[in-house]
Amino acid sequence: MNTRTFGLLLGAVVLIVILSIPVFGSPSAVDITFRTCSLIALAVSWNLMASAGLISLGHSAFFGLGGYVVILSANLLGMPFWISLIASLAAGALFGSGLALITGRLRGIYFAITTLAASEGLRVIAVMLPALTGGAKGAFLDAKYYPGTFTVNMGMSLAAAVTCLIAWRMSQSRIHYAFRAMRANEGAAQMLGIYPLKFRCAIMAVSGAVASLVGGIEAFHGGYLDPAIAFDLHITITSQIAPILGGIYTLSGPIIGAVATVFIGDATRLSLGHIEGVSLLVFGLILVFSILYLPQGIRGGLSDLWRRRSATAEPTKMAKP
Amino acid sequence: MDLLPQVFSDALLLAGLYTLMAVGLSLGFGVLRIINFAQGEMIMLGAYGAFWGLTLLGVDPIISLPVLVVAGFALGWLIFRGFVAKVLDAPHINQILLTFGLALAIQHIAIILWSGNARSATTAYATESAFVGDVLVVYSRLIAFAIATIMVVALIAWLRWSETGRATRAVAENRAAAALMGIDVDRIYAMSFGVSCALSVATGVVVSFILTITPFMGFPMLIKSIAIVILGGLGSIAGTVIGAFVLAFSETFVSYYVPDGAGWAEGIAFLLIIGILILRPRGILGQTVET
Amino acid sequence: MRKALCLGTSGLLIAAALSFAAEAQETFKIGAPVSISGRYVAYGVQGKNGIEMAVDVWKKVRGDKVAGRTIEVLFRDTQSNNAITVSLMNNFILTDKVNVIIGPDGSNVAAAAVPPWKKIEDRPIWLLPGGSSDVIEKEVGPDPYFFHTYAWSYYYHESNLKALKALVGPNKKVALIYSDGAYGRAHIDDARHYIKEAGYEIVSDELVREGSADFNPTLAKIRARRPDILYVLVQTNDAIQLTKQIQASRLNVPYLIGTAQAQLPEWQNAVGESQSCWTGVTTWVPGLSYPADKNEPKLFPSAADWEKAWMEKFKAVPEFLEVGYYASTILTLLAVEATKSTDREVLKKWLEEQHYQTPLGDSKFIKSRVALHQTFGEMVVFQRQKKADGTFEGVLIYPEQIATGKLKPCTY
Amino acid sequence: MTPILELINIRVGYGQSVVLQDVSLNLREGEIVCLLGANGAGKTTTTRVVSGLLAPWAGEIRYAGENIATVPAHKRVELGICLSPEGRQVFPNFSVYENLLLGSFSKKARLRRTEMFDEVYGLFPRLAERRKQKAGLMSGGEQQMLAIGRALMGCPKLLMLDEPSLGLGPKIIIDVYEAVASIAKRGLSILFVEQNVQAALMIAHRGYVLANGHIAAEGTSAELRSSPLVQEAFLGKKPSRQDLSEVHRA
């Protein structure tokens with residue numbers, strides 16, 4: 001059995017696991033799977049943009065937008081679960097491609113800060129339009145639109161699974177090269193026949209749609225939304241931490257990272273949660289030290305180990321002039 | 001009553017504060033090309049330093065300012081050597097997450113040490129004021145403005161005329177060429193990071209008797225500083241000063257003249273960021289920055 | 001990829017295993033979601049202190065057990081985060097199977113806790129000693145298992161305006177300042193309602209931004225309107241800066257009316273001399289003269305004795321949330337002890353019928369606007385006044401039967 | 001006499017690719033040595049290694065007899081090694097005067113600042129005229145003068161010039177080379193990189209030819225001028241239009 005089949009097989013196993021836990025799992029397994037899947041989808045979505053050289057500091061904009069679209073479309077228009085999720089998906093895609101058009105050729109830190117500004121701007125709007133959003137008091141999802149625990153949990157598992165499948169398909173296709181070219185140099189990418197603005201629009205639409213969908217499902221799950229939480233920078237940060245921790249620009253990195261982030265977060269919160277301030281302190285320190293000592297993420301660290309082990313078997317590759 | 005003189009006076013005093021707040025970030029970015037997400041936490045530490053100096057030792061924040069600034073410089077130096085130096089050549093996202101992790105850690109160290117309670121330094125001049133004609137001038141803000149002006153002018157003079165300051169600017173423009181001049185680039189990096197932190201600590205001291213001190217006070221100030229720095233142009237101190245004035249004046253004007261303007265005022269910063277980045281990505285006075 | 005999946009699966013399994021708490025029999029479990037990190041950390045610590053004090057006192061007075069069961073309090077950190085709160089509530093109810101939930105604190109976190117609790121059919125009894133926002137009340141609705149052990153936002157303004165009408169008289173001009181934060185938004189409608197009902201004129205109705213660096217534009221506009229009463233609805237953090245700016249800006253307003261902040265030592269320490277003249281409205285304030293309960297004088301001593309005991313343990317003046325959490329915890333323990341049961345119907349019935357005199361006042365549950373069970377909502381109005389020795393004290397000014405002094409107009 | 005600079009078996013590169021392979025060369029005090037070679041032969045890399053901007057993977061850099069391979073770049077300036085880098089790299093937002101001030105940043109140079117200013121302004125009167133001008137706004141030739149002047153401000157014992165004639169008009173090239181020659185008369189050692197072979201061999205005492213990261217030939221200027229290898233090396237080169245025109249003009 002070669003590595004590829006093995007990978008595919010395991011991928012299938014994981015899909016089965018995350019899709020079956022909502023059916024058979026214990027309540028706490030369901031809860032953890034929900035949060036992990038939420039982060040997997042966010043992380044893969046963030047990583048998608050990062051892979052094209054677009055560092056997003058505003059993923060909470062998509063997330064919050066999706067949440068509010070769900071709450072408003074359910075409460076005001078009486079849309080059922082699936083329809084309002086499609087609405088949030090569409091809103092995220094629209095906002096993403098709109099942001100891509102606005103940011104034009106901005107790159108690096110400039111791009112990152114524009115996305116941050118977009119997210120904070122949406123928060124201010126949500127705060128200042130209490131008639132629509134409930135303002136800082138927050139808004140509840142009308143309980144009669146709650147589709148049931150199973151549907152919500154399954155929805156999130158499906159969202160994560162589909163997101164991973166999309167990312168997998170992309171990594172298998174030629175788009176994969178376009179990403180690399182965009183990341184390295186947009187000018188050069190243009191010469192390869194990639195139209196950067198179009199590509200950006202498409203990527204940000206997909207990424208935004210996914211993040212917005214997650215926000216939408218989270219809104220059903222939580223049933224309550226306020227601007228500070230919907231557009232919380234921590235959402236952006238955790239959706240970055242996961243790929244960074246796992247291994248940026250890779251397919252499996254964000255997934256490994258998401259699992260690790262949820263695990264570390266729960267472990268610190270549950271074991272240190274009784275001492276004030278400590279759980280987030282430890283989380284911060286883990287973040288710092290993983291960046292310092294695992295710059296390629298867990299995935300990179302593992303393949304380093306793997307390479308070192310196999311290096312004893314085969315002679316080290318010599319650099320040639 | 002004509003409000004306009006009052007509007008100008010308020011805006012001017014706020015602009016001084018904003019300048020000092022953003023100039024540390026601007027220097028750090030200009031030289032190291034790193035946005036330090038823990039910059040706000042330096043403000044927070046400065047504010048706590050001044051607060052505890054007053055509360056425990058009875059030392060007025062203005063008196064403790066020099067000591068705290070030196071301490072801030074030392075802390076910045078240590079943070080640079082211990083953490084930031086190791087990600088100088090790493091991708092931006094690693095730098096952002098590293099400094100964000102530091103920010104999170106510093107915030108919660110503050111909670112562990114000093115609890116999450118809100119505080120404020122209660123100096124006598126904190127609540128004194130005078131009417132100049134129709135215009136109310138609050139002493140604490142005037143003092144803050146004066147300190148901010150002195151610090152920013154000192155910074156600009158240092159950068160302009162001192163040997164090290166000139167070297168710092170040189171490193172900001174071209175790191176390799178600076179090394180060829182015999183400039184120890186690493187040392188300049190550590191020093192700029194230190195100075196940048198020291199400036200933020202000074203901001204903290206100044207706001208300790210004006211604003212509310214909490215372990216979380218830094219982040220909103222960081223966001224606002226980023227807005228100012230982007231507005232003025234990344235890496236330009238003069239641009240930062242202009243950015244601070246633009247933001248302070250527009251916020252104050254909106255607060256006075258737009259219904260519910262005080263609520264919308266916060267949005268201005270973000271509107272300005274997006275606007276400026278679309279129209280003139282380098283900011284008002286920005287230099288070329290390879291990103 | 002392969003390693004990814006390996007890790008993923010094992011991660012999920014380990015994490016799942018972690019949260020399977022071994023369910024010991026014969027324990028009485030209190031689920032306590034508290035925000036002990038993040039922005040509500042100050043509240044969370046108070047909640048935790050209150051519950052810990054209650055369990056300590058119980059163990060001293062009644063021994064280690066309640067109705068033969070070991071007492072187990074599960075403190076879990078919400079990290080001031082809604083999503084974590086949702087997960088906590090789910091786990092408390094479905095996995096830990098707690099008997100009672102007490103908390104959480106901070107209106108937003110408390111609001112986030114409502115939907116996950118409500119959607120579970122066999123939800124346990126929930127006592128909420130914090131969270132005054134009326135959106136919570138509306139969302140919970142007339143739920144039989146919800147017990148609010150704190151005042152709703154409108155109680156503040158009802159009491160405040162009663163006091164003002166009685167002590168200041170009719171026909172006054174009021175300037176309102178409220179923040180765009182959760183606190184301001186939750187209070188403003190009811191504040192306006194009761195001000196108008198009292199026949200006062202609102203001459204200025206100003207929104208301020210949470211965390212603003214300068215309130216002077218707002219204050220300058222208010223100065224121009226020359227109000228008699230300044231009515232302030234902002235969160236503690238903003239209140240500190242605003243209070244200092246109000247003093248500095250010489251508004252010459254005779255009555256400075258605050259709501260929750262004025263009773264907080266946090267606010268008092270931070271504003272120093274500027275606290276002079278501010279009134280506040282609260283359910284509990286040091287110096288209240290509530291007597292001890294006749295039947296349970298050790299669990300519910302007089303307000304003064306309780307305060308003394310608290311000072312001994314924590315070396316600090318207790319805050320209203322701490323008293324609220326204390327009283328709520330003792331009530332649940334008493335319920336279990338009295339009924340020898342942890343069944344929610346039994347407990348609910350007992351709680352509905354109990355009546356004690358606690359350090360926080362009368363414990364009888366009544367109906368509020370929407371909710372079925374509401375207690376400790378009785379509010380008193382006080383004013384921060386300077387004593388001869390230069391320190392400040394909260395002088396009770398309303399209701400008149402418990403008043404310890406008179407409302408004085410501001411002089412600065 | 002020990003040579004002032006001696007490279008012994010230097011191997012270096014970027015990332016995975018090796019640029020210099022076993023390069024050895026030396027330079028005696030007061031000597032003018034040029035490095036010749038096609039684009040990408042490793043000339044600039046050699047100056048970067050000597051100046052300390054690039055750490056060699058293997059080999060020794062001996063300066064006045066001491067191995068300085070691990071000495072950081074800024075300390076080499078203090079030791080008297082100054083480089084006028086490829087592409088001039090002046091500080092565009094600084095005035096000419098400030099650029100020169102930066103050139104004399106090292107402690108030793110700071111002491112002799114006035115003296116050096118006189119010398120540099122003497123060599124390049126143009127710089128004196130434009131002292132308040134922003135460097136970024138000057139012409140290429142002026143910037144080149146500034147880069148050389150700035151390197152001189154550091155009081156070098158070993159001056160390295162990377163393509164001083166690149167982008168310069170024919171008149172200025174002569175000025176620059178006259179300047180270089182007059183500098184050398186003061187006992188300075190000069191190592192310079194040129195693509196303009198004829199001009200280089202006019203003033204250099206000796207030269208090395210780099211090809212594909214190896215020393216392909218070395219010798220006195222006269223030897224090199226007549227060496228078939230040099231002819232071949234530069235016939236094989238595909239010069240840019242600019243280079244070509246300059247060679248013709250020179």
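Below, chains carry the letters A, B, ... as their sequence lines are ordered, and counting in each starts from 1.
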Any idea which of [options] has the most non-hydrogen atom pairs under 4.5 angstrom with chain A?
{"options": "C:Ser133, C:Ala111, C:Ala83", "value": "C:Ala111"}
{"options": "C:Glu210, C:Arg209, C:Glu139, C:Lys119", "value": "C:Glu139"}
{"options": "C:Pro115, C:Ser37, C:Ser107", "value": "C:Pro115"}
{"options": "C:Ile136, C:Val135, C:Val41", "value": "C:Val135"}

Checklist entry - salt bridge (charged side-chain N to carboxylate O under 4.0 Å, His left out): which pairs involve residues 122-134 of chain A, sequence neighbours left out? => result A:Glu120-A:Arg123, A:Arg123-B:Glu266
Decide yes or no for [X] and [Y]: does some side-chain heavy atom of the first lie under 4.5 Å from some side-chain heavy atom of the second?
{"X": "C:Asn90", "Y": "A:His221", "value": "yes"}
{"X": "C:Leu207", "Y": "A:Met128", "value": "yes"}
{"X": "A:Asp226", "Y": "C:Arg185", "value": "no"}

Next on the checklist: Under a 3.5 Å threshold, yes or no: a donor from one side chain and an acceptor from the other, between A:Asp31 and C:Ser87?
Outcome noted: yes
Quick one: [atom1] on [X] to [atom2] on [Y], what's the gap to the nearest 0.5 Å?
{"X": "A:His234", "Y": "C:Ser80", "atom1": "NE2", "atom2": "OG", "result": "9.5 Å"}
{"X": "C:Lys118", "Y": "A:Phe140", "atom1": "NZ", "atom2": "CZ", "result": "10.0 Å"}
{"X": "C:Ile84", "Y": "A:Asp266", "atom1": "CD1", "atom2": "CG", "result": "7.0 Å"}
{"X": "A:Ile32", "Y": "C:Thr95", "atom1": "CD1", "atom2": "OG1", "result": "8.5 Å"}
{"X": "A:Lys137", "Y": "C:Lys138", "atom1": "NZ", "atom2": "NZ", "result": "5.0 Å"}
{"X": "A:Leu225", "Y": "C:Asn108", "atom1": "CG", "atom2": "CG", "result": "10.5 Å"}

Checklist outcome for this item: In C:Val86, C:Asn82, C:Thr85, the residue satisfying side chain to side chain contact (heavy atoms under 4.5 Å, CB included) with A:Tyr224 is C:Asn82
Next on the checklist: Is C:Leu88 close to chain A through its backbone or its side chain, or both, or neither, when contacts mean heavy atoms under 4.5 Å?
Outcome noted: side chain
Checklist outcome for this item: Honestly, the part of C:Val45 sitting under 4.5 Å from a heavy atom of chain A is side chain
Checklist entry - Quick one: what part of A:Ile235 sits under 4.5 Å from any heavy atom of chain C, side chain, backbone, both or neither? => result neither
Checklist outcome for this item: Looking only at heavy atoms, the pair that brings C:Ala182 and A:Ala136 closest together is N-CB, 3.2 Å
Item to check | Over 12 foreign heavy atoms within 6.0 Å of CZ, C:Arg369 | outcome: yes
